[in-house]
Amino acid sequence: MDADYLREIEGKTSNDPYYNMNFGNSKRCVWVPGPLIVGAGPSGLAAAACLKEKGIPSLILERSNCIASLWQLKTYDRLKLHLPKQFCELPLMAFPSHFPTYPTKQQFVQYLEDYVERFGIRPVFGRKVVSAEFDGNLGFWRVATGEEAVEYICRWLIVATGENAEAVVPEIEGAEEFGGEVVHTSGYKSGGVYKGKKVLVVGCGNSGMEVCLDLCNFNAKPSLVVRDTVHILPREMLGRSTFGLSMWLLKWLPIRLVDRFFLLVSWFMFGDTGRIGLDRPQLGPLELKSLTGKTPVLDVGTFDKIKNGDIKVCPGIRRLRHQSVEFLDGRTESFDAIVLATGYKSNVPTWLKESDMFSKKDGLPKMPFPNGWKGVSGLYAVGFTKRGLLGASMDAKKIADDIETCWRADAKHLSSFSWPHSLPNK
């Protein structure tokens, strides 16, 4: 369902007293015959495509002005997919054969644009969902946006806002004293503006490591804050992608044995990473990912820069001072700018009014993978598996299959459905 279809629905219902209901709070009700999807990122698009393939229309509400807004508006220029393209495909459409193994940010966005065009997906942009609540009296979801006096009523609600909806910006003592630039990676584009400057990167995940490499390539002087243990693995092993190799080995071997193999190969390639300040966790990389969702760093060249001294490793921050940082080991060093590679979080608890499926603490499904995609009363989640685009695709297929069962069973009922003359207020 696209914006034109939404306008068609609204046009047909504007003069229909059974549809154009007023809940006593000046809001007009719009009935959505198919699932309503919140979020037009890759996960939401995948869900819409899988539904479309089954003949089920859907409506996507997106707060931004474009699809995949995180990718288009909040990522750095040198970003590439960290995994080979075959593990990042959305359902029903492969990447072009001429794309490289690790497509660039621009190539991935083009792939998504082509995906939207192929399946006729037309999200409605500029509509931020501020509240979604299941009405037990009606038996439907009531979804409100902040930009209009309209409330959408739907049988199925698909949450596709993802694990990376909001930037995590930690509170650091003395931040108001620093005086230099402090930017989250969502606002970082290129190291070009930092040429010749000392930059402290906070966070040693894949983004933090890659930002440090980018800064080096533009002749900046980066330092990296490593506050915790971290697994760093080569992006490729034995001529194959590390991720692809792990998927193959896990078909035949237990996870701990695969971890031992990866750590042995990594030791031969990197040596003891602890000697340069990158201590490894007690658990192996795959077991840690499975239990906590923490992703190992797939090295794209940063390790050599650290080993050669082009990137300095620093302990945690105690506090900031004017143009300088005091570290936990008591050392103080001057910096021109700070880049926070501190990740993202879900925003689901801020707008979804339910407590059974999603955790209020982290905004993720309470049920672990692979069972976190379905809630009750027609509520679904896509893109919360901590398994990237591959996990989102798995969710999208399951959701479409599940809704199809209800859709076919209810088709006759829905086609003859009529609203009561009065509906209860909230």
Side-chain angles (χ1 to χ4, degrees), residues 1-3 35-52 58-96 99-100 102-129 145 158-168 184-190 206-207 210 295 343-348 363 380-397 399-400:
M1 181 189 295
D2 57 19
L36 189 151
I37 303 170
V38 184
S43 298
L45 300 180
C50 289
L51 290 164
K52 187 74 172 287
S58 62
L59 170 65
I60 301 180
L61 298 181
E62 166 58 43
R63 64 180 178 178
S64 187
N65 63 353
C66 62
I67 64 168
S69 61
L70 178 66
W71 280 86
Q72 296 208 57
L73 306 178
K74 299 182 179 181
T75 52
Y76 41 92
D77 295 341
R78 66 158 287 132
L79 179 64
K80 295 182 179 181
L81 293 180
H82 291 133
L83 304 181
K85 61 183 180 181
Q86 64 266 31
F87 299 111
C88 300
E89 295 173 351
L90 298 189
L92 308 171
M93 184 174 134
F95 279 96
F99 274 23
Y102 300 95
T104 65
K105 162 186 170 177
Q106 294 77 15
Q107 289 171 324
F108 182 61
V109 170
Q110 184 59 57
Y111 166 76
L112 295 178
E113 296 282 5
D114 293 342
Y115 192 83
V116 163
E117 188 64 28
R118 173 172 175 176
F119 294 101
I121 302 169
R122 298 293 182 268
V124 182
F125 298 114
R127 299 200 181 179
K128 179 181 179 181
V129 172
T145 62
I158 301 176
V159 180
T161 48
E163 306 155 350
N164 303 317
E166 305 291 344
V168 174
H184 188 271
T185 47
S186 58
Y188 175 95
K189 295 301 179 184
S190 167
N206 280 293
S207 293
E210 197 160 352
T295 303
Y344 295 84
K345 64 181 179 180
S346 165
N347 68 0
V348 173
Y380 298 91
V382 57
F384 293 87
T385 64
K386 293 189 176 182
R387 283 163 174 77
L389 295 166
L390 185 62
S393 295
M394 294 170 64
D395 283 348
K397 294 173 185 177
I399 291 170

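In this text the structure is predicted, and so the values were computed from the model without any measurement.
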Original post:
Where do Leu390 and Leu83 land on the side chain to side chain contact (heavy atoms under 4.5 Å, CB included) test, with the steps shown first?
Top reply: CA-CA 10 Å; Leu390 185 62; Leu83 304 181; over 6 Å; no
Subject >> Verdict with supporting geometry, Asn164 and Lys74, side chain to side chain contact (heavy atoms under 4.5 Å, CB included) >> reply: CA-CA 11 Å; Asn164 303 317; Lys74 299 182 179 181; over 6 Å; no
Subject >> Candidate pair Asn347 and Arg63, rule side chain to side chain contact (heavy atoms under 4.5 Å, CB included), full reasoning >> reply: CA-CA 13 Å; Asn347 68 0; Arg63 64 180 178 178; 3.6 Å; yes
Original post:
Which is it for Thr145 and Lys128 under the side chain to side chain contact (heavy atoms under 4.5 Å, CB included) test, yes or no, and what are the steps along the way?
Top reply: CA-CA 5 Å; Thr145 62; Lys128 179 181 179 181; 5.9 Å; no
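The nearest pair of heavy atoms linking Phe384 to Gly363 is CE2-O, 3.9 Å. Smallest separation of non-hydrogen atoms from Lys85 and Pro100: CD-O, 3.4 Å. When all heavy atoms of His184 and Gly343 are compared, the closest pair comes out as NE2-O, 3.0 Å. When every heavy atom of Ala48 is checked against every heavy atom of Ser58, the shortest pair comes out as CB-OG, 3.7 Å. Of all non-hydrogen atoms in Ala396 and Val382, the two that sit nearest each other are N-CG2, 4.0 Å. Minimum heavy-atom separation, Ala47 to Ile37: CB-CD1, 4.1 Å.
Shown here are the side-chain hydrogen bond (donor to acceptor under 3.5 Å, both in side chains) partners of Gln72, two or more places apart in sequence or in another chain: there are none. Thr295 pairs by the side-chain hydrogen bond (donor to acceptor under 3.5 Å, both in side chains) definition with Lys289, not counting sequence neighbours. Considering only residues two or more places apart in sequence or on other chains, Ser64 meets the side-chain hydrogen bond (donor to acceptor under 3.5 Å, both in side chains) condition with none of them. A search for side chain to side chain contact (heavy atoms under 4.5 Å, CB included) contacts involving Ser393 returns Leu90, Pro91, not counting sequence neighbours. Under the side-chain hydrogen bond (donor to acceptor under 3.5 Å, both in side chains) criterion, Lys105 pairs with Thr75, sequence neighbours left out. Partners of Glu62 under the salt bridge (charged side-chain N to carboxylate O under 4.0 Å, His left out) rule, at least two apart in sequence or in another chain, do not exist in this structure. With sequence neighbours excluded, the residues satisfying ring-ring contact (aromatic ring centres under 6.0 Å, His included) with Phe119 are Tyr115. Taking Glu113 as the reference, nothing meets the salt bridge (charged side-chain N to carboxylate O under 4.0 Å, His left out) condition, with sequence neighbours excluded. Taking the salt bridge (charged side-chain N to carboxylate O under 4.0 Å, His left out) definition, one finds that Arg118 meets it with nothing, sequence neighbours left out. For Lys345, the side chain to side chain contact (heavy atoms under 4.5 Å, CB included) partners two or more places apart in sequence, or in a different chain, are Glu166, Val168.
Here the options are Val38, Val124, Ile121, the test is side chain to side chain contact (heavy atoms under 4.5 Å, CB included), and the partner is Ile60; only Ile121 passes.
Atom OH of Tyr188 and atom OG of Ser190 lie 5.5 Å apart (nearest 0.5 Å). Atoms CG and CG, from Leu79 and Asn206 in turn, are 10.0 Å apart once rounded to the nearest 0.5 Å. Taking CZ of Phe99 as the reference point, atom SG of Cys88 lies at 12.5 Å (rounded to 0.5 Å). We find the CZ-NZ distance between Arg78 and Lys189 to be 15.0 Å, quoted to the nearest 0.5 Å.
Evaluation of the salt bridge (Lys or Arg N to Asp or Glu O under 4.0 Å) test over residues 380-397, restricted to residues two or more places apart or in two chains, returns none. The list of ring-ring contact (aromatic ring centres under 6.0 Å, His included) pairs with a residue in residues 59-95, not counting sequence neighbours, reads Trp71-Phe108, Phe87-Phe243, Phe95-Tyr111.
Counting heavy atoms from C-beta outward, Glu117 and Arg122 have side chains that approach closer than 4.5 Å.
Checked by atom type and distance alone, the side chain of Glu163 pairs as donor or acceptor with a backbone atom of Thr385 at under 3.5 Å.
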